[in-house]
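Note sheet for the following structure.
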Amino acid sequence: EPQLNISLYNVQAGLNQYAACIVTNATFISDGFQNKLQNFPVNTLMIADEVHNMGATTARTKLPENIQLRIGLSATPERWFDDIGTQAIFDYFGDICIELGLKEALDAGALCKYRYYPILVELTEGEQDEYLSLSAKISRLMSKAHSIEDEDSPLTALLIKRARLVASAENKLFELRRLMESRRNINKTLFYCGDGRVDSHTSDEDSRQIEAVRKLLGKDLGIRVASYTADTPVQDRKKRLQELDRGDLQGLVAIKCLDEGVDIPSIETAVILASSTNPRQFIQRRGRILRNYSGKHDAAIYDMIVVPPDAACAMPSERTLMEKELRRFVEFADLAKNPGEARDVVWKLQKNLGMTDI
């Protein structure tokens with residue numbers, strides 16, 4: 001099969017010899033590899049990196065019962081809005097046995113210190129009306145226990161539509177210009193744009209935002225940037241990462257493909273124009289920036305947070321999502337090198353949402 005690309009390594013350890021087999025998720029769930037799994041020895045150890053992916057609809061039906069030694073690795077093993085997939089992961093891999101929180105990782109020196117700059121962004125009047133309309137529909141479907149596990153479900157479609165609305169909020173470009181006008185000499189910076197899609201390709205809305213950000217940064221402000229998306233050819237991706245590391249490029253404008261599996265420890269700054277409500281995305285993006293690197297003393301994260309309309313807070317499902325978001329912002333602000341400054345901004349959001357007890 002075309003996807004059946006398996007890397008095999010023979011390793012000599014003392015008098016024992018063993019083989020390490022490394023595959024992608026696509027290969028793992030393929031019929032060809034699944035047939036081979038049935039013949040693996042009983043003492044095989046399965047290590048699933050980014051194990052949250054193993055809870056997806058197809059993947060969780062392919063987990064081999066004949067392999068008894070299992071380890072799952074993930075910063076976020078729980079799947080967002082997918083209780084069935086999450087339960088499948090824990091049923092197969094067992095309970096969490098080792099957990100390192102952000103504070104513990106910072107205290108241990110496993111991550112670099114950082115400064116956190118939340119930026120509150122107001123929706124326009126038209127955007128507020130659309131947000132409220134979409135939120136009301138989402139709330140009704142969530143109360144009926146609809147799931148977003150099915151990419152074709154009505155709830156998924158509505159969440160994506162609202163995510164795109166928030167991601168492309170008109171005032172974000174205004175805030176980006178105001179932020180970067182005095183920071184044109186930046187280096188090693190990631191600009192994260194919207195990600196309101198379910199497929200592997202960049203949507204028209206995402207493309208328009210990326211182009212608008214590239215134009216503002218490159219043409220208007222003279223900052224050397226390039227895009228880095230799922231549609232960027234593999235060779236171009238490698239070249240752009242190298243150019244960023246050398247300083248030939250000052251920044252990359254990205255969507256989702258810098259969330260997982262890309263290690264750029266020299267990155268010093270991130271400007272997050274949009275994040276989904278899925279905590280995994282925020283945690284993964286945070287992880288891209290907080291890697292230790294020689295000569296890197298700390299990192300800076302500028303996080304654009306859209307302020308939802310007041311009326312949205314009255315919806316129970318909406319308040320649940322907002323509360324989870326706020327707890328994340330509060331934790332990140334409290335652990336930053338500038339906690340007072342960051343907390344002041346988050347406090348404004350808490351007061352706006354009536355959630356000052358968090």
Side-chain angles (χ1 to χ4, degrees), residues 80-81 115-139 142 158-181 191-196 205-206 208-209 212-213 216 255 270-283 285-286 300-336 338-358:
W80 193 234
F81 281 112
R115 298 181 184 276
Y116 184 49
Y117 303 97
I119 302 170
L120 302 186
V121 179
E122 300 282 348
L123 294 171
T124 64
E125 187 175 339
E127 289 170 341
Q128 287 191 34
D129 291 342
E130 186 176 357
Y131 184 100
L132 286 172
S133 175
L134 290 169
S135 295
K137 295 174 183 176
I138 289 169
S139 186
M142 289 181 69
L158 288 170
L159 286 167
I160 290 171
K161 191 171 183 179
R162 190 177 66 177
R164 285 180 175 156
L165 171 69
V166 171
S168 60
E170 187 177 323
N171 288 327
K172 286 187 176 180
L173 288 179
F174 170 78
E175 294 293 346
L176 180 62
R177 180 184 292 275
R178 187 165 67 172
L179 174 67
M180 300 309 300
E181 275 180 335
F191 297 87
Y192 279 108
C193 292
D195 174 32
E205 292 93 336
D206 295 332
R208 283 194 291 270
Q209 187 182 51
V213 170
L216 189 156
I255 303 182
V271 180
I272 303 176
L273 281 86
S275 277
S276 71
T277 54
N278 187 337
R280 182 189 312 143
Q281 186 180 85
F282 183 78
I283 291 170
R285 291 180 174 184
R286 186 174 70 186
I301 299 178
Y302 298 88
D303 191 7
M304 294 194 187
I305 303 170
V306 168
V307 180
D310 293 341
C313 301
M315 304 173 191
S317 61
E318 192 77 2
R319 287 189 66 82
T320 299
L321 290 176
M322 291 176 186
E323 184 177 342
K324 290 179 180 178
E325 286 275 89
L326 269 176
R327 291 190 185 281
R328 190 172 72 199
F329 298 143
V330 166
E331 179 201 28
F332 207 54
D334 286 346
L335 295 177
N338 60 333
E341 181 183 13
R343 204 64 163 80
D344 282 347
V345 179
V346 176
W347 179 249
K348 292 178 184 177
L349 182 61
Q350 287 180 263
K351 287 194 294 184
N352 184 75
L353 298 175
M355 298 182 182
T356 55
D357 57 329
I358 294 178

Full working for salt bridge (charged side-chain N to carboxylate O under 4.0 Å, His left out) between E323 and R327: CA-CA 6 Å; E323 184 177 342; R327 291 190 185 281; 2.9 Å; yes

Value for OG (S133) from CG (L158), rounded to nearest 0.5 Å, stands at 9.0 Å

CZ of R328 to CD1 of I305: how many Å apart, nearest 0.5 Å? 8.5 Å

Nearest 0.5 Å, what's the CG-CE distance between L273 and M304? 4.5 Å

Side-chain heavy atoms of Q350 within contact of V330, under 4.5 Å: yes

Provide the closest heavy-atom pair for L216 versus L173 in the form atom of the first, atom of the second, distance. CD1-O, 3.5 Å

Any donor-acceptor pair under 3.5 Å linking the side chain of E122 with the backbone of N171? no

Reference residue I119; test side-chain contact (heavy atoms from CB on, under 4.5 Å); the match among L179, L176, D303: L179

Any sub-3.5 Å donor-acceptor pair from K172's side-chain atoms to V166's backbone N or O? yes

Interatomic distance, I358 atom CD1 to W347 atom CH2 [nearest 0.5 angstrom]: 10.0 Å

Closest non-hydrogen atom pair between E127 and A169, with its separation: OE2-CA, 3.5 Å

In Å and rounded to the nearest 0.5 Å, what is the OH to CD1 distance from Y131 to I138? 8.0 Å

Which heavy atom of A342 sits nearest a heavy atom of Y116, and at what distance? CB-O, 3.4 Å

Hey, mind stepping through F329 and V345 against side-chain contact (heavy atoms from CB on, under 4.5 Å) and telling me if it holds? CA-CA 10 Å; F329 298 143; V345 179; over 6 Å; no

Closest heavy-atom pair and its distance - D334, P339: O-CB, 3.8 Å

Enclosure of E181 CD (heavy-atom neighbours >12, cutoff 6.0 Å): yes

The reported gap from CD in E170 to CG in L123 (rounded to nearest 0.5 angstrom) is 10.5 Å

Measure the shortest side-chain to side-chain distance between K161 and E130 over non-hydrogen atoms and say whether it is less than 4.5 angstrom. yes

